[in-house]
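Atom set for the values below is all heavy atoms of this structure, side chains included, hydrogens, waters and symmetry mates excluded. Numbers for residues simply follow the sequence, beginning at 1. As the structure is a prediction and not an experimental result, all values here were calculated from the model.
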Amino acid sequence: MPDSPLAHTVAALQPRARTELAELVAFKSVADPAQFPRSECEAAAEWVAGALRSEGFTDVALLDTPDGTQSVYGFLPGPAGAPTVLLYAHYDVQPPLDEAAWISPPFELTERDGRWYGRGAADCKGGLIMHLTALRALKEHGGVPVNVKVIVEGSEEQGTGGLEQYAQAHPELLTADTIVIGDTGNFRVGLPTVTATLRGMTLVRVQVDTLEGNLHSGQFGGAAPDALAALIRILDSLRAEDGSTVVDGLETDACWDGLQYAEEEFRKDAKVLDGVGLTGSGTVADRIWARPAVTVLGIDCPPVVGATPSVQAGARALVSLRIPPGTDAVKASEMRIPPGTDAVKASELLTAHLEKAAPWGARVTVEQIGQGQPFRADTDSPAYASMAEAMREAYDGTEMQTSGMGGSIPLCNTLAALYPQAEILLIGLSEPEAQIHAVNESVSPEELERLSLAEALFLQRYARQYEAAGS
């Protein structure tokens with residue numbers, strides 16, 4: 001860490017950051033009442049609202065969004081004439097998956113081997129703590145130099161679009177000069193990184209039906225059309241021999257021109273078993289940042305334990321398709337993709353492919369479950385220059401890198417469409433070791449400290465830059 005008064009203040013705030021992150025992680029805020037009580041999300045939202053009020057935020061509100069969840073909003077006024085910066089995070093989390101596979105309880109922040117473990121520690125409750133720490137540090141060094149809006153979403157992981165719909169219905173609420181999305185991460189620990197692109201996503205449920213009811217496999221097997229076998233063939237059609245994604249009509253050969261991801265590093269980060277090859281072709285960066293990727297998220301079929309010798313009459317699967325931003329030769333600032341473009345078309349192609357791939361005349365029904373647009377940031381904007389300077393100082397002279405991210409943040413395109421003049425930056429705590437969405441998610445305390453400092457420095461530099469541009 002640099003030797004500066006602001007850096008020392010951020011360091012001194014780390015015990016408080018850990019305590020508050022532990023409080024937040026304790027909420028089982030999975031935005032799916034079928035898995036966890038709605039009250040867990042409501043309690044987490046109240047905690048966030050209380051934290052904002054204690055920091056002097058006005059107009060703090062719990063926003064009831066159309067998907068039945070709550071997002072938390074607050075406004076912190078800055079000096080007269082100062083720009084407005086919107087800070088984003090989300091308090092909802094992925095389910096813990098197999099709790100028995102966690103070394104420590106998923107909803108209990110636990111320190112181990114220099115990291116803090118717990119569901120949401122990095123994605124994205126830690127992002128909120130990063131924002132709060134940066135603002136607290138600035139208050140001790142002349143005050144927060146910008147107007148600050150904070151929005152903390154309650155259903156980002158579910159992809160149900162509640163906040164996007166709310167923002168579209170209330171476009172004045174989140175208007176800002178610059179938006180900092182605290183939900184991505186460094187390329188790896190110690191390497192300051194902003195994210196330039198996000199893949200969009202379409203999520204569909206595929207239902208296959210072949211019979212009026214299950215049949216005895218000894219009496220009818222061999223001639224009776226098996227719905228589970230039909231589903232397996234349909235899903236297999238989504239992959240080429242090398243594992244590349246195949247969706248009829250969808251381009252899959254784009255290349256990533258930027259920071260590269262060495263295959264050995266990726267194998268280590270992804271924990272690929274010895275002797276198992278990677279899927280797809282091209283560089284790793286091509287595959288995870290520039291090309292579409294299909295994943296079968298789940299299949300409904302009889303479990304092995306308790307299975308009977310039956311030909312299955314019906315089977316279904318949940319399939320996601322990640323979609324990179326378009327690769328037309330257009331300036332990044334012109335790549336503001338309006339809602340309903342790339343992801344909609346990709347979803348149509350995926351649906352048509354699944355229906356066409358059905359064998360034996362099996363009946364296929366494809367239901368849209370969720371959708372989010374891909375995003376490309378304008379990395380030539382003035383705010384990026386301020387962030388590069390801030391990250392260079394926070395990381396002791398290490399230059400900021402620009403990478404892609406295979407994940408999706410649907411709100412980004414909503415904000416870009418609503419506020420086309422706003423600069424959007426993506427930073428955060430979800431570096432590879434964090435293992436977000438997997439068991440044993442964790443956050444690096446060092447990254448939390450450095451990125452809190454970087455955000456504080458950015459707000460100072462951005463305010464000066466804004467004032468100079470207006471004078």
Side-chain angles (χ1 to χ4, degrees), residues 32-35 67 94-95 97-98 157-161 199-252 279-280 287 291-323 340 342-372 406 408 410 437:
D32 181 1
Q35 299 184 65
D67 63 354
Q94 286 285 335
L97 304 175
D98 181 5
E157 298 291 8
Q158 294 299 311
T160 46
R199 289 193 292 195
M201 182 182 73
T202 185
L203 187 66
V204 299
R205 183 182 293 129
V206 188
Q207 176 72 43
V208 178
D209 296 292
T210 55
L211 303 166
E212 292 184 1
N214 287 0
L215 299 172
H216 189 289
S217 62
Q219 185 176 3
F220 295 98
D226 183 330
L228 181 54
L231 176 62
I232 291 170
R233 284 204 173 189
I234 292 170
L235 298 179
D236 183 60
S237 75
L238 295 170
R239 297 274 192 171
E241 188 66 27
D242 65 359
S244 299
T245 291
V246 175
V247 175
D248 294 340
L250 193 64
E251 294 184 5
T252 59
T279 56
R287 286 176 257 181
R291 299 178 181 178
V294 70
T295 304
V296 179
L297 303 181
I299 296 179
D300 283 342
C301 61
V304 172
V305 176
T308 61
S310 302
V311 177
Q312 299 300 312
R316 66 178 184 170
L318 189 64
V319 178
S320 80
L321 177 65
R322 300 282 182 172
I323 311 125
D342 286 3
V344 171
K345 182 60 177 177
S347 185
E348 292 171 354
L349 293 173
L350 176 62
T351 297
H353 179 107
L354 292 168
E355 292 172 344
K356 182 180 178 181
W360 321 315
R363 297 179 183 178
V364 176
T365 304
V366 182
E367 178 186 2
Q368 183 81 51
I369 302 300
Q371 191 175 93
S408 307
H437 293 204

For [X], side-chain hydrogen bond (donor to acceptor under 3.5 Å, both in side chains) partners two or more places apart:
X	value
R322	S408
E367	R205
T245	none
T252	none

Atom of [X], atom of [Y] and distance for their closest heavy-atom approach:
X	Y	answer
A358	V364	CB-CG2, 3.4 Å
G221	V311	CA-CG2, 3.9 Å
S320	M201	CB-SD, 4.1 Å
V208	A230	CG1-CB, 4.0 Å
D209	G314	OD1-CA, 3.9 Å
T210	P225	OG1-O, 2.8 Å

Between [Y] and [X], is there a side-chain heavy-atom distance shorter than 4.5 Å?
X	Y	answer
P302	T308	no
Q371	S347	yes
L350	L238	yes
K356	D248	yes
L321	L349	no

Using the side chain to side chain contact (heavy atoms under 4.5 Å, CB included) criterion, which residues pair with [X]? Sequence neighbours excluded.
X	value
S244	A240, D242, S281
L97	R119, V439
P95	V30, Q35
I232	L228

Quiz item: Would T160 and D67 count as a side-chain hydrogen bond (donor to acceptor under 3.5 Å, both in side chains) if you check the C-alpha gap in whole Å, the side-chain angles of each, and the deciding distance to 0.1 Å?
Solution: CA-CA 6 Å; T160 46; D67 63 354; 2.6 Å; yes
Quiz item: Does anything in residues 215-239 pair up under side chain to side chain donor-acceptor pair (under 3.5 Å), and if so which pairs, sequence neighbours excluded?
Solution: S237-H353
Quiz item: Are any side-chain N or O atoms of N214 and backbone N or O atoms of A313, one a donor and one an acceptor, separated by less than 3.5 Å?
Solution: yes
Practice problem: Report yes or no: does R291 contribute a side-chain atom to a donor-acceptor pair with the main-chain N or O of E251 at less than 3.5 Å? | Solution: no
In Å and rounded to the nearest 0.5 Å, what is the [atom1] to [atom2] distance from [X] to [Y]?
X	Y	atom1	atom2	result
I369	L203	CD1	CG	6.5 Å
T202	K345	OG1	NZ	13.0 Å
Q94	Q158	CD	CD	7.0 Å
L250	E348	CG	CD	12.0 Å

Quiz item: With R287, which residues qualify under salt bridge (Lys or Arg N to Asp or Glu O under 4.0 Å), at least two apart?
Solution: none
Exercise. Just grab all the salt bridge (Lys or Arg N to Asp or Glu O under 4.0 Å) pairs involving residues 299-310, residues at least two apart or on different chains.
Key: D300-R316
